[in-house]
Amino acid sequence: MPRRVLIERVVRELASYERESASDGERRAADRLADELREAGCRDVRVEEERAHGGYWWPLGLLNVGAALAALLGRLPAALVGGAAAAAVYDDVSGGRLWFRRRTLPHRPTWNVVGELGDPAAPRTVVFMAHHDAAHSGLVFHPGLPRVGMRLVPKLHARANQSIPIIFGLFLGPLLLALWGLLGRRRLRQAGLFSAGCATATMANIGASAVVPGANDNLGAVGAVVALAHELAERPPEGVRVVLLSTGSEESFMEGMQGFGRRHFPALSRETTEFVCLECVGSPTLCVVEAEGMLRMRHYPEASREALARAGDEAGVELTRGLRTVAATDALIALRAGYATCLLGGVDETKFPANYHWPSDTPDNLDWSSIEDAVEVCLRYVRG
């Protein structure tokens with residue numbers, strides 16, 4: 001089957017039903033992907049059940065509400081609760097232990113799909129990863145917002161290497177209220193209450209919004225992984241063990257990938273294992289993402305970024321350099337665990353993924369040639 005026909009079939013089928021994190025739709029997608037990998041010729045294909053809360057609006061919203069309520073009780077509660085809430089927000093958005101949600105919020109099953117190709121005893125392991133769950137929308141994701149900067153400050157936008165880190169708004173309220181508790185300055189309290197209120201309203205809007213089709217984020221990458229399975233099964237790479245991974249609950253801050261790490265990292269050597277994350281590759285422009293982080297920017301290893309760039313050169317695919325993302329992807333979990341990690345991403349003219357978390361993220365709005373190019377880059381990477 002031609003590569004594009006295969007990719008489009010997979011994407012359109014999975015986009016035809018809702019795939020909220022840790023939902024029956026996500027499980028349905030996982031089972032279908034496992035079938036696809038088996039049909040491609042992968043070995044040891046399995047659907048692995050992990051645990052996830054399945055959202056981020058409840059933990060982040062509750063932390064902001066808690067900090068605001070504490071500030072209404074006085075400076076000492078504000079300092080204690082606000083400080084703890086700020087620390088919990090930082091942990092939650094940074095690929096940390098997710099300790100607040102694990103201790104206070106209900107969890108349910110989520111499902112990862114794993115398959116393997118190549119020599120299981122090979123000296124090099126390459127993990128290609130995507131995710132099959134889909135995000136909730138929300139007004140903060142309106143596609144017109146990134147274009148405001150393009151119109152108002154076009155020169156600044158042209159020089160920018162990342163978008164505005166809006167997640168700071170969720171961290172700022174608890175932090176300011178904790179500082180008010182310590183310093184007693186009235187304006188800190190006013191600003192903190194305002195910020196926490198806005199953050200809570202934003203989280204409520206996201207939680208109440210519909211789940212998007214998620215074609216670009218991230219079914220295009222899932223289709224690319226399935227295409228990789230077929231092509232690597234036909235021509236297995238020499239001296240390389242290939243692991244193909246599609247995670248669940250990525251949209252709830254990488255909970256599926258956290259589960260994969262707990263299950264598999266102890267058996268994956270940091271000296272011989274590489275992770276390649278594919279994210280939003282149905283956007284018009286593919287890029288080597290240099291770094292990512294919602295609050296703290298973490299750079300991918302230079303050697304990993306250069307290896308991905310070389311693969312693009314060898315494939316004849318132009319990969320934009322210099323961009324960083326203020327989102328968080330599954331790559332962050334591997335990066336924080338000490339693995340050689342790189343991120344092959346996609347953006348449009350706003351320097352943001354096309355149709356990000358918006359109802360227009362449908363198969364009809366994908367750039368299919370970009371997805372095919374992403375497959376070619378990955379093939380060159382694994383044979384490099």
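Here the structure is a predicted model, which means the values were calculated and not measured.
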For the pair Asp348 and Thr350, evaluate side chain to side chain donor-acceptor pair (under 3.5 Å) and give the outcome as yes or no after the intermediate values.
CA-CA 5 Å; Asp348 61 15; Thr350 67; 2.5 Å; yes
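- A salt bridge does not link Arg28 to Asp24: none of the charged nitrogens lies less than 4.0 Å from a carboxylate oxygen.
- Looking at residues two or more places apart in sequence or on another chain, you find no salt bridge (charged side-chain N to carboxylate O under 4.0 Å, His left out) involving Arg336.
- The hydrophobic clustering, which links ILVMFWY residues whose side-chain heavy atoms are closer than 4.5 Å, places Trp180 and Leu76 apart.
- At least one side-chain heavy atom of Cys378 sits less than 4.5 Å from a side-chain heavy atom of Leu278.
- Checking Ser209 against Ser137 by side-chain atom types alone, no donor-acceptor pair falls below 3.5 Å.
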When you look at Arg3 and Glu8, which way does the salt bridge (Lys or Arg N to Asp or Glu O under 4.0 Å) test go after all the steps?
CA-CA 9 Å; Arg3 180 188 293 170; Glu8 187 166 351; over 6 Å; no
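- By the neighbour-count criterion of 12 heavy atoms within 6.0 Å, atom CZ of Arg263 is densely surrounded, having more than that number from other residues, nucleotides or ligands.
- With salt bridges taken as basic N to acidic carboxylate O contacts below 4.0 Å, none links Glu314 and Arg383.
- Residue Leu69 is not grouped with residue Val81 when hydrophobic side chains (ILVMFWY) are merged at heavy-atom distances under 4.5 angstrom, including chains of intermediate members.
- Sorted by first and then second residue, the ring-ring contact (aromatic ring centres under 6.0 Å, His included) pairs with a member in residues 58-80 form an empty list; sequence neighbours excluded.
- Ion pair Arg108/Glu255 not flagged as a salt bridge, since none of the NZ, NE, NH1 or NH2 atoms sits closer than 4.0 Å to an Asp/Glu carboxylate oxygen.
- At least one side-chain heavy atom of His357 sits under 4.5 Å from a side-chain heavy atom of Asp217.
- Within the model, atoms CG of Asp133 and CG of Leu14 stand 11.5 Å from one another, a figure rounded to the nearest 0.5 Å.
- Between Glu13 and Arg32 there is a salt bridge, since at least one side-chain N of the basic residue sits less than 4.0 Å from a carboxylate O of the acidic one.
- In this structure, Leu182 and Arg75 have side chains that are not in contact, with every pair of non-hydrogen atoms separated by 4.5 Å or more.
- Ring geometry, Phe352 versus Tyr356: the interplanar angle exceeds 60°, so the pair is classed perpendicular (tilted spans 30 to 60°).
- When side chains are defined from C-beta on, Ile167 counts as touching Leu170, because their heavy atoms get closer than 4.5 Å.
- For Glu292 and Arg298, the salt-bridge test fails: no basic side-chain N is under 4.0 Å from an acidic carboxylate O.
- Remark: Leu177 CG to Leu80 CG distance equals 13.0 Å, nearest 0.5 Å.
- One side chain, Asp330 or Thr247, offers a donor N or O that lies under 3.5 Å from an acceptor on the other.
- At distances below 3.5 Å, not a single donor-acceptor pair connects side-chain atoms of Ser370 with backbone N or O atoms of Gly282.
- Between the side chain of Thr273 and the main chain of Arg270, no donor-acceptor pair closer than 3.5 Å is present.
- Contact of the Glu26 side chain with the Glu20 side chain is not registered, since no non-hydrogen atoms from C-beta on lie closer than 4.5 Å.
- Using a 4.5 Å heavy-atom cutoff, the side chains of Asn64 and Met203 are not in contact.
- In the displayed structure, Tyr17 atom OH is contacted under 6.0 Å by more than 12 heavy atoms of other residues, nucleotides or ligands.
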Start with the C-alpha distance between Glu279 and Asn218, add both sets of side-chain angles, then the distance that settles side chain to side chain contact (heavy atoms under 4.5 Å, CB included), and finish with yes or no.
CA-CA 6 Å; Glu279 191 73 34; Asn218 197 30; 3.6 Å; yes
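- Below 30°, between 30° and 60°, or above 60°: for Trp57 and His136 the angle between ring planes is between 30° and 60°, a tilted geometry.
- For Glu306, the CD atom counts as densely surrounded, since its 6.0 Å shell holds more than 12 non-hydrogen atoms of other residues, nucleotides or ligands.
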Evaluate the criterion salt bridge (Lys or Arg N to Asp or Glu O under 4.0 Å) for residue pair Asp92 and Arg97; output intermediate values, then yes/no.
CA-CA 7 Å; Asp92 211 79; Arg97 294 180 298 152; over 6 Å; no
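- A salt bridge links Glu36 with Arg9: the distance from a Lys NZ or Arg NE/NH1/NH2 to an Asp or Glu carboxylate oxygen falls below 4.0 Å.
- Smallest separation of non-hydrogen atoms from Ala229 and Ala40: CB-CB, 3.7 Å.
- The aromatic rings of Phe128 and Tyr381 lie perpendicular to each other, with more than 60° between the two planes, well past the 30° mark.
- The shortest distance between side-chain heavy atoms of Arg51 and Pro109 falls below 4.5 Å.
- Between Val243 and Val114, the closest side-chain pair of non-hydrogen atoms falls below 4.5 Å.
- Atom CD1 of Ile7 sits about 8.0 Å away from atom CH2 of Trp368, to the nearest 0.5 Å.
- In Arg185, the CZ atom is not crowded: 12 or fewer heavy atoms of neighbouring residues, nucleotides or ligands sit closer than 6.0 Å.
- Atom CZ of residue Phe141 and atom CH2 of residue Trp358 lie 9.5 Å apart, to the nearest 0.5 angstrom.
- A single hydrophobic cluster is seen to contain both Ile206 and Phe100, as judged by linkage of ILVMFWY side chains at heavy-atom distances under 4.5 Å, directly or through other members.
- Between Asp44 and Arg38 no salt bridge is recorded (no basic side-chain N to carboxylate O distance below 4.0 Å).
- Taking CG from Asn355 and CG from Asp364, the interatomic distance works out to 11.0 Å, rounded to the nearest 0.5 Å.
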